[in-house]
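For clarity, every value in this text was computed on a predicted model and none was experimentally measured.
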Amino acid sequence: MRALKLSFCGARVELKTDCAPLFTALAHLYRPFLEAEIPAQATEISAAPQACRAWLEGELHSFGSVGDAVYELDQLIEPRLLAHTSSQLRVHAAAVESATHTILLVGPSGSGKTTLAMELVRRGMRYLSDEFAIVDPRARTLQPFPRAATRKAEGPTPPGPRIGFLDGWGFRDYVLPDLRADLATRPLGSRWILFPTHRKECVPTAEILEPGECCARFLPSIFDFEGAEQKRWPALANLVAGSRACSLDFQDAAADLDLALELLGNDEAWTTTTQRS
């Protein structure tokens with residue numbers, strides 16, 4: 001029996017398992033949150049059916065395969081680690097940073113935000129998060145959550161260990177970029193906000209979003225918004241204020257991402273937009 005002890009922002013999670021592949025996979029997925037270093041194991045784990053079990057906070061969970069166990073336990077571990085961040089604005093978004101700005105990629109599962117984030121990291125940006133952007137708009141800070149990124153399709157891969165599964169939910173590839181942040185809170189800095197839509201057949205297009213439309217597009221991706229509108233609305237408006245936002249319809253991350261980056265970095269386009277609004 002081996003135990004994983006994870007901690008994040010004051011929350012602690014302990015998981016025990018007698019299944020070596022499951023232990024290896026979860027240690028890979030949550031390596032940045034380990035309380036004690038565990039030597040990295042082989043990055044290829046068989047997804048063949050193998051019954052396994054784990055005890056999460058003392059509660060027994062049984063699974064038909066390692067792939068299913070990783071997926072289902074991930075859904076249970078994440079909210080426990082995020083338990084103490086409810087006072088901040090939590091967005092379903094990937095986040096990366098350069099020396100000059102932070103990019104938030106906002107959207108539902110399947111929109112392509114992870115694919116674009118991995119392409120940005122491959123180009124040299126630092127990985128902050130894949131699923132959750134935890135921001136304090138008033139203090140203009142972001143809390144990284146650098147869990148291994150979950151890819152649901154092949155695409156750009158930055159340097160770093162990875163584990164892949166073909167399970168009951170389809171293909172899943174867990175990539176832990178070498179170029180990633182630690183868990184220290186950092187300034188948001190200059191903010192670029194990108195709302196991607198991945199379409200196999202489309203004309204790649206990037207369009208500027210003005211503040212009102214940016215806020216409207218944010219709403220479905222904000223956790224715990226319903227019932228806390230009076231608190232969340234000002235926080236969202238504060239996050240959007242002073243940032244640059246655009247939409248991107250894309251087919252290929254490597255080829256089409258530059259459309260958005262060129263638009264977001266075009267000072268003349270944003271001067272014109274500011275004057276118009």
Side-chain angles (χ1 to χ4, degrees), residues 1-92 109 114 127-134 143-152 161-176 180-185 222-224 226-228:
M1 186 75 67
R2 301 187 67 183
L4 285 175
K5 295 182 179 180
L6 313 172
S7 60
F8 178 69
C9 290
R12 297 184 74 252
V13 175
E14 182 173 2
L15 180 138
K16 296 180 179 180
T17 181
D18 52 8
C19 175
L22 176 58
F23 179 86
T24 298
L26 291 174
H28 165 78
L29 188 61
Y30 285 102
R31 183 162 297 279
F33 308 97
L34 294 175
E35 292 186 352
E37 183 61 30
I38 295 172
Q41 303 293 318
T43 56
E44 293 296 330
I45 294 180
S46 172
Q50 175 183 342
C52 57
R53 57 184 182 171
W55 288 260
L56 180 60
E57 302 297 334
E59 182 179 353
L60 175 62
H61 298 265
S62 300
F63 309 95
S65 72
V66 175
D68 290 350
V70 171
Y71 176 79
E72 294 187 29
L73 287 170
D74 189 28
Q75 310 306 304
L76 298 173
I77 292 171
E78 277 187 342
R80 286 171 166 80
L81 289 178
L82 293 165
H84 295 169
T85 65
S86 59
S87 63
Q88 301 184 60
L89 194 65
R90 299 187 293 186
V91 183
H92 190 194
S109 296
T114 299
Y127 172 67
L128 301 176
S129 67
D130 172 47
E131 287 290 334
F132 302 99
I134 306 164
Q143 170 61 62
F145 190 76
R147 193 212 70 164
T150 306
R151 300 191 313 159
K152 304 176 185 69
R162 51 188 288 196
I163 293 178
F165 292 103
L166 182 61
D167 57 28
W169 288 268
F171 172 82
R172 291 183 181 275
D173 190 36
Y174 297 97
V175 181
L176 187 61
R180 63 180 183 273
D182 57 25
L183 300 184
T185 302
I222 297 177
F223 293 89
D224 307 319
E226 187 174 352

Minimum heavy-atom distance between Arg147 and Leu29, given as atom pair plus value: CG-O, 3.2 Å
Which pair of heavy atoms, one from Glu59 and one from His61, lies closest together, and at what distance? O-CD2, 3.1 Å
Using side-chain heavy atoms (C-beta onward) and a distance below 4.5 Å, is Thr17 in contact with Leu26? no
Answer yes or no: is there a side-chain heavy-atom contact under 4.5 Å between Leu4 and Ile38? yes
Any heavy-atom pair between the side chains of Phe23 and Met1 that's under 4.5 Å? no
In terms of heavy-atom contacts, Ala25 and Val70 come closest through CB-CG2, 3.7 Å
Could you check if a side-chain atom of Arg80 sits within less than 4.5 angstrom of a side-chain atom of Arg12, using non-hydrogen atoms only? no
Under the side-chain contact (heavy atoms from CB on, under 4.5 Å) rule, collect the residues that match up with Phe223, sequence neighbours excluded. Arg90, His92, Phe132
Trp55 side, atom CH2; Leu15 side, atom CG - distance, nearest 0.5 Å: 10.0 Å
Does any part of the side chain of Val13, heavy atoms only, come nearer than 4.5 Å to the side chain of Glu57, both counted from C-beta? yes
Spacing of Ser109 atom OG and Glu131 atom CD [to the nearest 0.5 Å]: 5.5 Å
Using the test side-chain contact (heavy atoms from CB on, under 4.5 Å), find all partners of Pro146 that sit at least two apart in sequence or belong to another chain. Pro32, Phe33, Tyr127, Pro144, Leu183
Which atoms form the tightest heavy-atom contact between Pro161 and His28, and what is the distance? O-CE1, 3.2 Å
Rounded to the nearest 0.5 Å, how far does CZ of Phe145 lie from CG of Leu82? 4.5 Å
Which heavy atom in Ala11 sits nearest to a heavy atom in His84, and how many Å separate them? N-ND1, 3.5 Å
How long is the straight-line distance from OG1 of Thr150 back to OH of Tyr71, given to the nearest 0.5 Å? 9.5 Å
4.5 Å side-chain heavy-atom contact, Cys19 and Val66: yes
Considering all heavy atoms, the nearest Leu22-Ala69 contact: CD1-CB, 3.8 Å
For the atom pair CD (Gln88) and CD1 (Ile134), what is the distance rounded to the nearest 0.5 Å? 6.5 Å
Counting only heavy atoms not in Gln75, do more than 12 fall under 6.0 Å of its CD? yes
What's the separation between atom CG in Leu76 and atom CG in Leu56, rounded to the nearest 0.5 Å? 6.0 Å
